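Comments concern the structure below.
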Amino acid sequence: MTSGKTNGKTAGQKGSGTSNGASNNGPLLQIKDLQTYFYSPGGVVKAVDGVSFDLRESETLGLVGESGCGKSVTALSIMRLIPDPPGRIVGGQVIFNGVDLLQVSDAEMRKVRGSEIAMIFQEPMTSLNPVLTIERQLTEPLELHMSMTRRQANARASELLEIVGIPDPESRLRGYPHQMSGGQRQRVMIAMALSCNPKILIADEATTALDVTIQAQILELMKDLTVRFGTSLIIITHNLGVVARYANRVNVMYAGKIREAGDAEDIYGTPKHPYTVGLLQSVPRLDVATTARLAPIRGEIPSLMNLPAGCAFRDRCDWAVERCAVDDPPLLDVGKTHTSACWEHARVELKKRVAAQ
Amino acid sequence: MWAYIAQRVLTSIPVILIVGVVTFSLLYVAPGDPAAIIGGDEASPEQLEQIRHQLGFDQPYHIQLGRWFLRMLKGDLGTSIFSKREIRELMAPRLQPTISLGIQVIFLSALLGVSTGMLAAWKAGARLDRGLMLFAVLGFATPGFWLAFILIWGLAVNLRWFPVIGYSPIGDGIIKHLHSMFLPVLVNSVLASAFISRITRSAMLEVLREDYIRTARAKGLAEFRVFIRHAFRPAAIPVITVIGAAMASLATGFVVTERVFGIPGLGRMLVEAIARRDYPIIQALLMSVATFYILVNLVVDIVYAYVDPRIRY
Ligand SMILES: Nc1ncnc2c1ncn2[C@@H]1O[C@H](COP(=O)(O)OP(=O)(O)OP(=O)(O)O)[C@@H](O)[C@H]1O
Ligand SMILES: [Mg+2]
């Protein structure tokens with residue numbers, strides 16, 4: 001954090017970031033105590049409630065957790081794309097290039113979106129505009145952020161399609177999204193997201209909707225390209241196998257908070273939060289040869305509307321003690337780069353899988 | 001694209017056949033003897049028989065239907081029983097007022113409806129939005145005849161801004177023409193614009209929730225561009241549908257409007273023909289309306305295809 005906060009510097013300066021992040025190894029993006037709430041007639045949904053993490057240059061960060069735990073809301077908050085109403089970012093900081101993105105003007109923020117921080121969404125079938133040509137959709141950010149002419153942008157768009165492995169880019173460019181498969185559309189989304197050489201790419205379950213073989217291809221492509229362009233990657237997923245393979249660091253989210261964070265090996269090898277243990281035991285893992293039976297986490301995800309005091313996971317937890325009902329544990333250091341929000345983290349360990357009889 | 005248009009044209013052929021059969025049959029079974037009308041009160045039974053024979057009314061149903069269709073296909077709309085003149089000739093001077101009224105109403109209601117609907121969607125939830133939608137609801141709820149009455153009473157009788165009645169043809173000057181048409185155009189546009197406005201607003205709001213709008217925002221596009229370039233075209237489909245429906249409903253609305261405002265158009269012609277049981281005119285006008293409907297549908301389908309590439313291919 002040596003770069004500190006430089007006032008008056010704009011967040012969206014193309015090319016100025018490299019000198020900043022890489023040289024001093026400070027985090028490229030810092031999320032501090034982010035709070036994003038949704039206001040509904042029934043009450044306040046604290047979808048993200050005090051999330052903090054860093055993202056380093058060229059790092060791949062995994063964000064995992066069950067459905068509804070606030071992963072997408074975290075990502076959309078970074079982009080400032082939370083629909084308002086009903087949602088609002090009520091607190092925290094998103095520091096990028098030394099500037100708090102939550103404080104800059106809308107116009108400044110638009111210079112960051114698509115240019116410095118890009119995002120790929122879960123639904124490839126609906127994320128491209130059905131009435132605009134692929135070309136138009138690809139050239140838009142190039143003209144906007146890279147000040148290209150239409151002609152330059154068209155040429156670049158064709159290159160980009162080639163890079164993401166779409167054959168016959170020239171004729172594809174003149175076509176429309178409905179003429180493409182889901183995998184191809186997601187490739188177009190990747191091309192679009194990477195078109196302006198962003199510093200950060202957020203992939204929000206970018207492969208969930210695709211079939212398994214295509215998933216692997218798309219992930220490999222994303223990984224290759226982010227390595228090639230030096231882009232930091234945030235992978236959001238339910239799939240722990242994906243994270244195991246691609247992420248350097250992992251944040252495990254539950255009910256709007258990060259419950260465990262650490263290097264990928266630590267999260268997989270020595271998880272220190274009961275929820276992480278539960279997740280690992282409920283998901284089939286291709287990397288561990290086993291005949292074990294899957295054990296889903298018992299109980300249900302609590303409503304984010306009125307979370308009771310104490311740890312939000314305690315009702316589903318095998319390690320819960322009395323203290324868990326009153327005190328919500330903060331993230332405690334359990335290793336050099338490993339934190340866990342559990343009072344009983346010392347007792348928690350990955351249970352031996354019950355072999356199928 | 002051409003294949004698509006050709007297919008649309010082909011599918012409208014059976015429609016026009018069915019409409020033709022229905023139109024002809026309704027009047028075939030309708031009460032009243034045309035021969036008696038033509039022959040007058042003093043005609044003897046022999047004379048009536050003579051007339052029926054001349055006009056082919058003594059032929060079986062299917063022969064009459066076939067002959068009638070053939071004539072229609074040749075563009076021969078027949079002759080009026082009452083005035084004995086060619087219907088095409090009778091219709092010619094009636095076309096201008098009706099077509100002018102139609103174009104003005106569609107233009108005004110599309111313009112008003114789409115622009116207020118877009119504005120309301122842009123300002124969704126704000127006071128302007130609520131104000132515009134209140135107007136739209138009023139537009140729905142106001143009966144046309146009542147509005148016509150109020151406008152005539154207020155703007156024409158009391159303020160004397162517009163003529164109470166009386167049509168001024170385009171030949172007498174375009175300004176004078178538009179002036180004379182203002183009240184009927186306004187009355188007919190209120191309902192349609194209210195409808196178009198509401199549909200435009202809700203279609204825009206719906207599209208603005210789509211994933212691809214989020215993608216457009218994530219690119220860093222300004223909100224206005226997102227609104228115009230990414231949201232408007234996908235939202236246009238239901239709007240076009242409603243404009244098409246509004247055009248179709250004009251045909252019936254004009255029967256009343258032309259009477260109330262004294263416009264010598266096709267609507268008046270139809271009313272007069274019905275009063276005189278002038279069957280050939282009624283048939284010709286109904287067929288014209290049906291053809292108009294089919295054309296409107298065709299145009300709407302073609303515009304869909306232009307707007308949405310998923311239909312085109
Ligand atoms: N537009 C919205 N209006 C109201 N509540 C919302 C909205 N978007 C998200 N939420 C709430 O925020 C919470 C977190 O949602 P989020 O989409 O971040 O979950 P997620 O972790 O991405 O889940 P998934 O894996 O299913 O994508 C949910 O409980 C949801 O109810
Ligand atoms: Mg999500």
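So you know, we letter chains A, B, ... as the sequences are listed, proteins then strands, and number each from 1. These figures come from a predicted structure and were not determined experimentally. These numbers come from the heavy atoms of this one structure, side chains and all, not from hydrogens, waters or symmetry mates.
- By the neighbour-count criterion of 12 heavy atoms within 6.0 Å, atom CZ of R8(B) is densely surrounded, having more than that number from other residues, nucleotides or ligands.
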| task | Report the C-alpha separation of R214(B) and L76(A) in whole Å, then their side-chain angles, then the decisive distance to 0.1 Å, and conclude whether the side chain to side chain contact (heavy atoms under 4.5 Å, CB included) test is met. | result | CA-CA 10 Å; R214(B) 191 180 53 190; L76(A) 290 171; 4.1 Å; yes
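- In K123(B), the NZ atom is not crowded: 12 or fewer heavy atoms of neighbouring residues, nucleotides or ligands sit closer than 6.0 Å.
- Taking M109(A), M79(A), M119(A), R136(A) one by one and counting their heavy-atom pairs under 4.5 Å with chain B, the maximum is reached by R136(A).
- In this structure, the side chain of K219(B) engages the main chain of Q137(A) through a donor-acceptor pair within 3.5 Å.
- Salt-bridge check for E140(A) with R229(B): passed, with a basic side-chain N closer than 4.0 Å to an acidic carboxylate O.
- One finds the CD atom of E223(B) at 9.5 Å from the CG atom of D106(A) (value rounded to the nearest 0.5 Å).
- Closest approach of R310(B) and P130(A) over heavy atoms only: CZ-CB, 3.4 Å.
- L132(A) places a side-chain heavy atom less than 4.5 Å from the side chain of H230(B).
- Only the side chain of M192(A) comes within contact range of chain B, with at least one heavy atom under 4.5 Å from a heavy atom of that chain.
- The minimum heavy-atom distance between L128(A) and Y212(B), with the atom names listed, is C-CB, 3.5 Å.
- In this structure, T215(B) OG1 and L81(A) CG are separated by 9.5 Å, a value rounded to the nearest 0.5 Å.
- With rounding to the nearest 0.5 Å, the separation of CD in E210(B) from CG in N129(A) is 9.0 Å.
- With a 4.5 angstrom heavy-atom cutoff, A216(B) does not touch chain A via any of its atoms.
- Heavy atoms of other residues, nucleotides or ligands lying less than 6.0 angstrom from CZ of F38(A) number more than 12.
- Looking at I120(A), there are no atoms closer than 4.5 Å to chain B (heavy atoms on both sides), in backbone or side chain.
- Separation of atoms NE2 (H178(A)) and CD1 (I311(B)) is listed at 10.0 Å; rounding is to 0.5 Å.
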